[in-house]
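Before any comments, here is the structure.
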Amino acid sequence: MAAKESSRYVLPATSETFPLLQKSADGQRRPSATTHWRWRLTMNLIQYLLLAYLLYLFWTSSSNIRSRTASPDFSHLASHCAPVAPIPAQSFIARQDALARTLYSLNASAYIAEPGASAGYYANISSSHWGLSERPLLLIVQPMKDERGAIRANISVLTPAFEETRAKLLPIPSDAGVTYTAWPEDHSPFAPALSVVPSLTGATIYVDGNVRTFVTDGLQKAAPEAVISNAPVDVRRLRERKSPEEINIMKCVNEATVLAIRAARNHMKIGIRESEAGRLIRDALSAAGLKDPFALTLFGEDAALPHGAGTDRLLGKHDFILIDCGGSLHGYRSDVTRTFALPDSTIPLRYQALWRIVHAAQQRALATAGNGTVTASVDHAAREVIKHAGYGEFFTHRLGHGIGLETHESPYLVGGSKDTILTGHTFSDEPGIYIEGKVGVRLEDCFYVDEDGVARYLTAGVGAPASSPWSP
């Protein structure tokens, strides 16, 4: 049976009905040149639009990243310490002569230090000027009488022979000049170091407390007829007790640290990460002109570990922020801790109560400290406040440490210590309460003992200490 014809009429495809189709020589219908051109134009347009969209997405994403990572402008902090001058050369010479007189009074022949805080204090040879290595560079100070009979400092430096030229470029202040003794690498350095001491038999030679053991042992082996020992408290106190010009620098570096915390806090918000808050603090400290800035940043229960590394967690609405930070100005260090809340924070009342207890302990410690006070009694005073409030077991560290060219230096505010606080001494005052898994609170300001024997905060010039969790 024949197929039934469709009743539907189909228009034949001809060049007249479909002008974009053209018959080729073999009789096949193929797209015309116009079709190819329009097709290419359409595809190019689609590609351009897609590229433009991808560029838009990249730009908006980059803008968002920049807005989150770009540091705010903290440049206004730079003016605070700008007028404060470093220690002048004449003060270094006065320190050297004071050391010489102390050595003479103790019947000691010499004092030896490696690059670091003590060598920096006496001769401007800090660890930033000369790094420690297995090849020792030593500062040697001897007491000598000048032509008028006054005790003055004689300064010598032991240097590796191949570093002698560089050693002579060190900015060492000295009235009488510096003697350089070079030692070749195929010889022990310790006999040449002691060759500058006129008589070693029965001599007492003090080494700084931070001198490495192999240096002390090497010196003793090179001079068995002499006594090599750590410098006594009479020598240590020369650096522990700060001069008015040192106190002036330390006031500014600690004030700038408080100002940096306040400035950075203005840019924090609920949901910020610990790492982001820490970066804000370090940026603010750097903008204030402080070198080697550091910022321990802990939120909520992370702060229950006093020196914890944190978890980079997000800040919650009910979390305290603990910032322990500082930097250096002309070599002198700051150390400030604040536990605070943001304007939008809702801190539980029981945690606010802990803050007030720690604040009271900090104030009690300052009131207790003063000229002639034993350091242990200051620690005890702060600890009693926290113990009386029922949280004594959660105050787990000493109250404080000395501070100056080192962030932690002697003497220390700690139970069992018999050290005596004197005018010019500087300390941190940092009580805390740490309840693991829940909360940590610490407040820290550094203080000095003035010429009247009264303990005063180094941060008082900017309204410190903190007055509430919302006023750091």
Side-chain angles (χ1 to χ4, degrees), residues 257 261 265 268 272-275 277-278 281 294-326 335-342 345-366 368 375-376 378-401 403 407-408 412-417 427-447 464-472:
T257 302
I261 293 173
R265 176 179 179 266
M268 296 180 190
I272 193 174
R273 290 194 176 276
E274 288 174 337
S275 59
I281 295 290
F294 70 91
L296 174 66
T297 307
L298 303 169
F299 295 166
E301 71 279 359
D302 283 357
L305 300 180
H307 288 168
T311 59
D312 202 24
R313 52 162 286 183
L314 300 174
L315 178 68
K317 194 174 181 66
H318 305 300
D319 294 331
F320 268 139
I321 301 169
L322 188 152
I323 303 287
D324 185 339
C325 64
D335 198 3
V336 175
T337 302
R338 290 290 183 267
T339 302
F340 60 87
L342 299 183
S345 300
T346 305
I347 305 299
L349 293 177
R350 64 186 182 280
Y351 293 169
Q352 294 185 45
L354 295 180
W355 193 98
R356 289 191 293 271
I357 293 167
V358 172
H359 185 264
Q362 188 189 37
Q363 297 302 97
R364 178 71 63 83
L366 184 75
T368 303
T375 51
V378 183
D379 177 277
H380 178 76
R383 206 166 295 278
E384 279 297 298
V385 172
I386 295 176
K387 181 180 178 181
H388 181 73
Y391 294 95
E393 65 182 295
F394 301 108
F395 182 11
T396 54
H397 55 72
R398 69 189 176 211
L399 175 67
H401 51 81
I403 186 170
T407 306
H408 290 197
Y412 296 90
L413 301 178
V414 61
S417 171
F427 298 95
S428 70
D429 177 3
E430 48 180 311
I433 293 175
Y434 312 94
I435 304 175
E436 291 188 15
K438 294 183 178 180
V439 67
V441 176
R442 179 166 70 253
L443 297 172
E444 177 185 16
D445 290 87
C446 294
F447 68 86
S467 57
S468 85
W470 282 270
S471 298

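These values consider heavy atoms only, across backbone and side chains, with no hydrogens, waters or symmetry-generated copies.
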Inset, instruction - For D302 and T311, indicate whether the former's side chain and the latter's backbone hold a donor-acceptor pair under 3.5 Å. - result: yes
Legend entry - Spatial distance of atom CD1 (I323) from atom CD1 (I281) [nearest 0.5 Å]: 4.5 Å
Inset, instruction - Verify, without hydrogens or angle tests, whether H318 (side chain) and T346 (backbone) share a donor-acceptor contact under 3.5 angstrom. - result: yes
Legend entry - For K387, all residues meeting side chain to side chain contact (heavy atoms under 4.5 Å, CB included), sequence neighbours excluded: E384
Legend entry - Heavy-atom pair of closest approach, residues G437 and A304: N-CB, 4.2 Å
Inset, instruction - With rounding to the nearest 0.5 Å, note down the distance linking CD1 in I433 to NZ in K438. - result: 13.5 Å
Inset, instruction - List in chain and number order the residues that pass salt bridge (Lys or Arg N to Asp or Glu O under 4.0 Å) with R383, two or more places apart in sequence or in another chain; answer none if no residue qualifies. - result: D379
Legend entry - Nearest heavy-atom neighbours spanning G440 and L322: O-CD1, 4.1 Å
Legend entry - Student check: side-chain heavy atoms of F340 and M268 closer than 4.5 Å: yes
Inset, instruction - Any chance you could measure I321, atom CD1, to I272, atom CD1, to the nearest 0.5 Å? - result: 7.5 Å
Legend entry - Aromatic contact, H397 with Y434 (centres under 6.0 Å): yes
Legend entry - Validation row: F299, L314 side chains within 4.5 angstrom (heavy atoms): no
Inset, instruction - Determine the minimum heavy-atom distance between V378 and A365, stating which atoms define it. - result: CG1-O, 3.5 Å
Inset, instruction - With the side chain counted from C-beta on, respond yes when P465 and L443 share a heavy-atom pair under 4.5 Å apart, and no when they do not. - result: no
Legend entry - salt bridge (Lys or Arg N to Asp or Glu O under 4.0 Å) involving R273 - partner list, sequence neighbours excluded: none
Legend entry - Expected output: side-chain Q352 to main-chain I347 donor-acceptor under 3.5 Å: yes
Inset, instruction - Mark yes when over 12 heavy atoms from residues, nucleotides or ligands other than Y351 sit less than 6.0 Å from its OH; otherwise mark no. - result: yes
Inset, instruction - Please report the closest heavy-atom contact between G415 and A376, naming both atoms and the distance. - result: CA-CB, 4.2 Å
Inset, instruction - Test L354 against I435 for side chain to side chain contact (heavy atoms under 4.5 Å, CB included), laying out the working first. - result: CA-CA 10 Å; L354 295 180; I435 304 175; 4.1 Å; yes
Inset, instruction - List in chain and number order the residues that pass salt bridge (Lys or Arg N to Asp or Glu O under 4.0 Å) with E430, two or more places apart in sequence or in another chain; answer none if no residue qualifies. - result: R442
Legend entry - Donor + acceptor pair across side chains of S275, D312 (<3.5 Å): yes
Inset, instruction - Flag the pair L298 / F320 as yes when at least one side-chain heavy-atom distance between them is below 4.5 Å, and no otherwise. - result: no
Legend entry - Partner residues of D319 under the salt bridge (Lys or Arg N to Asp or Glu O under 4.0 Å) criterion, sequence neighbours left out: R313
Inset, instruction - Drop me the distance from S471's OG to R265's CZ, to the nearest 0.5 angstrom. - result: 7.0 Å
Inset, instruction - Flag the pair Y391 / V358 as yes when at least one side-chain heavy-atom distance between them is below 4.5 Å, and no otherwise. - result: no
Inset, instruction - Measure the OG1-CD distance between T257 and E444 for me, rounded to the nearest 0.5 Å. - result: 10.0 Å
Inset, instruction - Tell me, please, which residues at least two apart from A361 pass side chain to side chain contact (heavy atoms under 4.5 Å, CB included). - result: A382, V385, I386, P431
Inset, instruction - Decide yes or no for D445 and R338: does some side-chain heavy atom of the first lie under 4.5 Å from some side-chain heavy atom of the second? - result: yes
Legend entry - Side chain proximity check, L399 to F427, heavy atoms < 4.5 angstrom: no
Inset, instruction - Supply the atom-to-atom distance T396 OG1 to F394 CZ, rounded to the nearest 0.5 angstrom. - result: 10.0 Å
Legend entry - Beyond-backbone contact of D335 with H408, side-chain heavy atoms, under 4.5 angstrom: yes
Inset, instruction - Kindly say whether T407 contributes a backbone atom to a donor-acceptor pair with the side chain of H401 at under 3.5 angstrom? - result: yes
